[in-house]
There are 2 protein chains.
Amino acid sequence: MAGVSKGTVDRVLHKRGKVSKESFEKVDKVLKEIDYKPNPIARNLKINKTYNIHVLLPDPRQDPYWVPAHEGINEASNQFTPFGVQVRKFFYDPNNKSSFLNQSEQAILLQPDVLLMAPIFENESHTVLRKCCENKISVVLFNNHINTFKEQIFIGQDLKQSGRVAASLMDKIIGENKEIAIIHINKEPHMQLKENGFKEFFMEKTNGIHSIISKDFNSVEKNSFNQDVGLFLESNPNISAFFVTNSKAYMLVEAFEKITYRERIVIGYDLLKPNIKYLQDGAINFLIHQKPKRQAYLSVSYLAEHFLFGKDLPAQEFLPIDIITSENAKYYT
Amino acid sequence: MAGVSKGTVDRVLHKRGKVSKESFEKVDKVLKEIDYKPNPIARNLKINKTYNIHVLLPDPRQDPYWVPAHEGINEASNQFTPFGVQVRKFFYDPNNKSSFLNQSEQAILLQPDVLLMAPIFENESHTVLRKCCENKISVVLFNNHINTFKEQIFIGQDLKQSGRVAASLMDKIIGENKEIAIIHINKEPHMQLKENGFKEFFMEKTNGIHSIISKDFNSVEKNSFNQDVGLFLESNPNISAFFVTNSKAYMLVEAFEKITYRERIVIGYDLLKPNIKYLQDGAINFLIHQKPKRQAYLSVSYLAEHFLFGKDLPAQEFLPIDIITSENAKYYT
DNA sequence: TGTGTTAATGTGTTCGAACACATTAAATAA
DNA sequence: TTATTTAATGTGTTCGAACACATTAACACA
């Protein structure tokens with residue numbers, strides 16, 4: 001159309017230079033006229049590179065919270081392997097920082113194009129970030145945010161805001177001047193953010209003021225956990241509502257069952273089987289869905305579509321904070 | 001690898017026949033051994049067909065509910081035009097059945113590969129379905145379901161269940177033995193499903209029984225609508241909670257503002273600007289998000305990925321029924 | 001006048017699949 | 001025996017972009 005060969009057009013498109021002013025202008029004019037958009041399929045076929053995504057996440061066998069994340073990775077992986085995207089998973093023990101570091105080394109050693117990780121250990125994650133930077137491997141974070149020196153891609157929820165959502169729900173169903181407990185079971189750093197958001201919401205409210213206390217439980221063993229809960233309730237008999245900051249609300253409710261019955265409001269996180277059971281029973285009032293599966297799936301697909309078709313990556317993607325009751329639970333699982 | 005030419009491999013892959021038993025087995029063996037998966041990119045490049053998707057939906061200028069659907073279509077369209085997927089929109093007047101039929105004819109006339117439509121008129125939609133069938137154009141429905149003779153692809157929400165979700169929320173925040181009104185504003189057939197679900201939930205409950213009445217308002221003009229609401233409240237002074245079955249909850253709340261203040265529970269649908277404003281104010285307690293944008297976006301992308309990469313289409317995709325409060329609204333818009 | 005240099009431009013091949021067409025070899029008919 | 005049919009198999013081209021390599025033309029310098 002411009003009266004030049006495809007070679008010259010190619011040089012204009014890729015700014016490879018060695019094009020006379022006249023040719024450049026002729027080609028440029030036509031490109032604009034026809035609003036040329038390269039065919040991403042043909043481009044990809046020619047480039048024909050395989051991309052490697054290494055995913056570093058907790059072992060789902062250690063904590064069932066991670067099962068859906070694992071599934072999300074697999075789903076995206078299956079979808080994109082035909083296009084030449086290789087996904088490899090590296091599991092670490094969420095109770096063991098050194099296993100996190102070990103696995104991260106494995107993942108980095110093989111020089112992937114990108115490392116996708118759930119950075120549940122703050123300090124160790126920074127170490128990994130640094131190593132990736134040295135090795136020129138880009139990093140994407142999901143599940144929870146950590147403070148990073150440079151802008152890091154993050155895909156997940158605003159955890160502080162999810163604390164506010166929990167508070168707003170509690171506010172709607174609780175009466176006035178009640179005692180509320182924030183319960184951390186096996187506390188991880190990001191759970192503090194949820195507490196902060198929860199408290200912030202009630203600080204802003206001027207009417208119906210409540211008293212809010214927070215309590216950590218760290219016993220791994222079930223019986224001792226139940227015992228701890230019993231002691232806590234004995235010394236705080238007037239608490240009428242509980243906000244559990246991770247997926248372990250079912251443990252609290254189980255502990256309640258060992259104790260004499262009383263109506264209690266419980267809000268927790270995540271659609272684990274036992275949580276859903278208690279939601280249906282009415283023992284849990286609301287769950288907040290952190291969408292681990294979608295987070296994982298989206299992270300991988302964004303990367304794949306970026307590599308394959310040049311789609312640009314969002315700097316930060318905050319997923320919606322879904323509110324779950326007994327009636328809408330089934331559509332999220 | 002099998003010691004035959006690519007032509008023979010091609011015949012085996014596509015079952016074009018004219019292959020000796022021996023060659024077939026040799027090729028088949030290798031295909032299984034290497035777990036051959038065709039490269040969808042190369043396939044698509046060769047086929048190099050443009051696909052036409054015609055979308056039949058209400059004019060967003062007539063009802064703001066449809067603005068996000070429109071955006072969702074555009075977003076998917078932009079994403080897939082470089083791949084040779086052409087999306088064309090046909091707007092009809094949601095208050096005018098004949099404009100629906102007119103536009104449907106336009107859409108069918110140009111022989112698209114598929115017609116995607118929001119079938120808000122039940123009978124007329126059946127006419128369109130029949131015509132498409134005659135013209136061998138496949139159809140995908142979104143937004144609301146209609147009863148169809150054969151299995152029809154549908155992408156949207158379970159509307160009856162969304163009524164149940166509304167009921168479960170109301171149940172959590174309302175006291176006992178209250179009067180509840182179900183409000184239909186400019187009733188469309190599918191709104192009855194929401195009423196049914198809402199009532200069903202409370203029928204199943206044995207404690208805290210309420211009285212539920214339903215009421216239609218059809219006035220298009222604001223003043224007369226406000227007047228009608230006033231009259232209704234006068235003759236039903238004890239109603240303490242309202243369930244509005246479409247996106248027009250803000251109209252009801254506006255009408256309330258003309259009347260002396262009283263605390264009222266309101267649950268409605270959809271994240272229109274005025275609805276969100278009232279949600280932040282506390283005048284609306286919960287909104288249910290029908291995700292028109294996501295419905296539209298997903299419909300188009302499913303079709304595009306089906307055409308381009310042979311991904312299979314779901315027979316029915318029920319989207320999650322999202323519950324919105326003042327605290328999580330911003331992540332859905 | 002001939003040779004080397006360089007900027008500008010053109011040509012050919014490749015990616016993996018799809019499909020039209022060509023070729024081969026065996027079987028059948030004239 | 002030779003021609004014809006047909007089943008089986010092989011070869012070549014195309015899609016659009018990327019890139020290596022080849023060619024041309026203009027100019028400088030001996």
Side-chain angles (χ1 to χ4, degrees), chain A residues 1-52 79-86 113 304-312, chain B residues 1-52 79-86 113 304-312:
Chain A
M1 294 174 73
V4 299
S5 73
K6 59 180 177 156
T8 304
V9 176
D10 180 70
R11 272 170 288 250
V12 171
L13 283 172
H14 295 84
K15 302 191 175 94
R16 296 195 217 274
K18 302 198 174 174
V19 177
S20 69
K21 201 179 273 182
E22 301 89 73
S23 298
F24 178 87
E25 272 160 15
K26 274 192 288 181
V27 173
D28 197 54
K29 182 155 165 275
V30 174
L31 288 178
K32 274 178 185 148
E33 268 172 25
I34 61 168
D35 188 28
Y36 172 81
K37 295 262 161 31
N39 180 333
I41 292 182
R43 152 181 269 136
N44 186 277
L45 178 62
K46 183 63 191 72
I47 293 177
N48 202 32
K49 172 169 161 35
T50 63
Y51 299 91
N52 291 297
Q79 188 179 336
F80 289 103
T81 34
F83 295 90
V85 176
Q86 293 285 345
D113 295 280
E305 291 183 6
H306 173 69
F307 288 142
L308 296 174
F309 308 123
K311 218 177 152 187
D312 34 79
Chain B
M1 293 174 72
V4 298
S5 73
K6 59 178 178 156
T8 304
V9 176
D10 179 70
R11 273 169 288 248
V12 171
L13 282 173
H14 295 86
K15 305 194 174 87
R16 297 195 216 274
K18 301 198 174 174
V19 177
S20 70
K21 201 180 274 181
E22 302 89 72
S23 297
F24 178 88
E25 273 160 14
K26 274 191 287 181
V27 172
D28 197 54
K29 183 157 164 273
V30 174
L31 287 178
K32 274 177 185 149
E33 269 172 22
I34 61 168
D35 187 27
Y36 172 81
K37 295 262 162 27
N39 180 333
I41 291 183
R43 152 180 269 136
N44 184 277
L45 178 63
K46 183 63 192 67
I47 292 177
N48 202 30
K49 173 171 159 38
T50 63
Y51 299 92
N52 290 297
Q79 188 178 338
F80 289 104
T81 35
F83 295 91
V85 176
Q86 292 286 346
D113 295 278
E305 291 183 6
H306 173 69
F307 289 141
L308 294 175
F309 309 123
K311 219 179 153 186
D312 34 77

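Naming: A, B, ... by sequence-line order, numbering from 1 per chain. Quick caveat: nothing in here was measured; it's all calculated off a predicted structure.
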Phosphate contact ([N] OP1 or OP2) by [X] side-chain N/O below 4.0 Å:
| X | N | value |
| --- | --- | --- |
| Ser23(B) | dT9(D) | yes |
| Ser20(A) | dT9(C) | yes |
| Thr8(A) | dG10(C) | yes |
| His14(A) | dC19(D) | no |

Atom [atom1] of [X] to atom [atom2] of [N]: distance rounded to whole Å?
| X | N | atom1 | atom2 | value |
| --- | --- | --- | --- | --- |
| Lys15(B) | dC19(C) | NZ | C1' | 18 Å |
| Arg11(A) | dA7(C) | CZ | P | 13 Å |
| Asn44(B) | dA18(C) | CG | C1' | 12 Å |
| Leu308(A) | dA17(D) | CG | P | 17 Å |
| Phe309(A) | dA17(D) | CZ | P | 14 Å |
| Asn48(A) | dG16(D) | CG | P | 18 Å |
| Leu13(A) | dC19(D) | CG | P | 12 Å |
| Phe24(A) | dT9(C) | CZ | C1' | 16 Å |

### Query
Ignoring hydrogens and geometry, is there a side-chain-to-backbone donor-acceptor pair from His306(A) to Asp312(A) under 3.5 Å?
no
### Message
Base of dG12(C), side chain of Lys6(A) - is there a donor-acceptor contact under 3.5 Å?
### Response
yes
### Summary
Note: for Lys46(A) and Glu22(A) on DNA chain C, the residue whose nearest nucleotide lies more 5' is Glu22(A)
### Task
Find which nucleotide of DNA chain C each of Ala42(B) and Arg16(B) is nearest to by heavy atoms, and output the residue with the more 5' nucleotide.
Ala42(B)
### Side-chain ion pair, Glu25(A) and Lys29(A), N-O less than 4.0 Å
no
### Query
Among Val4(B), Leu13(B), Asp10(B), which one satisfies side chain to side chain contact (heavy atoms under 4.5 Å, CB included) with Val27(B)?
Val4(B)
### Query
Under a 4.5 Å cut-off applied to non-hydrogen side-chain atoms, are Phe307(A) and Asp113(A) in contact?
yes
### Task
Return the 5'-most residue of the pair Gly17(B), Leu45(B) with respect to DNA chain D, ranking by each residue's nearest nucleotide.
Gly17(B)
### Query
Considering only side-chain heavy atoms of Lys18(A), which listed nucleotide, dA17(C), dA8(C), dT9(D), is closest?
dA8(C)
### Task
Output the single nucleotide from dA18(C), dT9(C), dT11(D) whose closest atom is nearest the side chain of Asp10(B).
dA18(C)
### Task
Could you check whether the rings of Phe309(B) and Phe83(B) sit parallel, tilted or perpendicular, using 30° and 60° as the cut-offs?
perpendicular
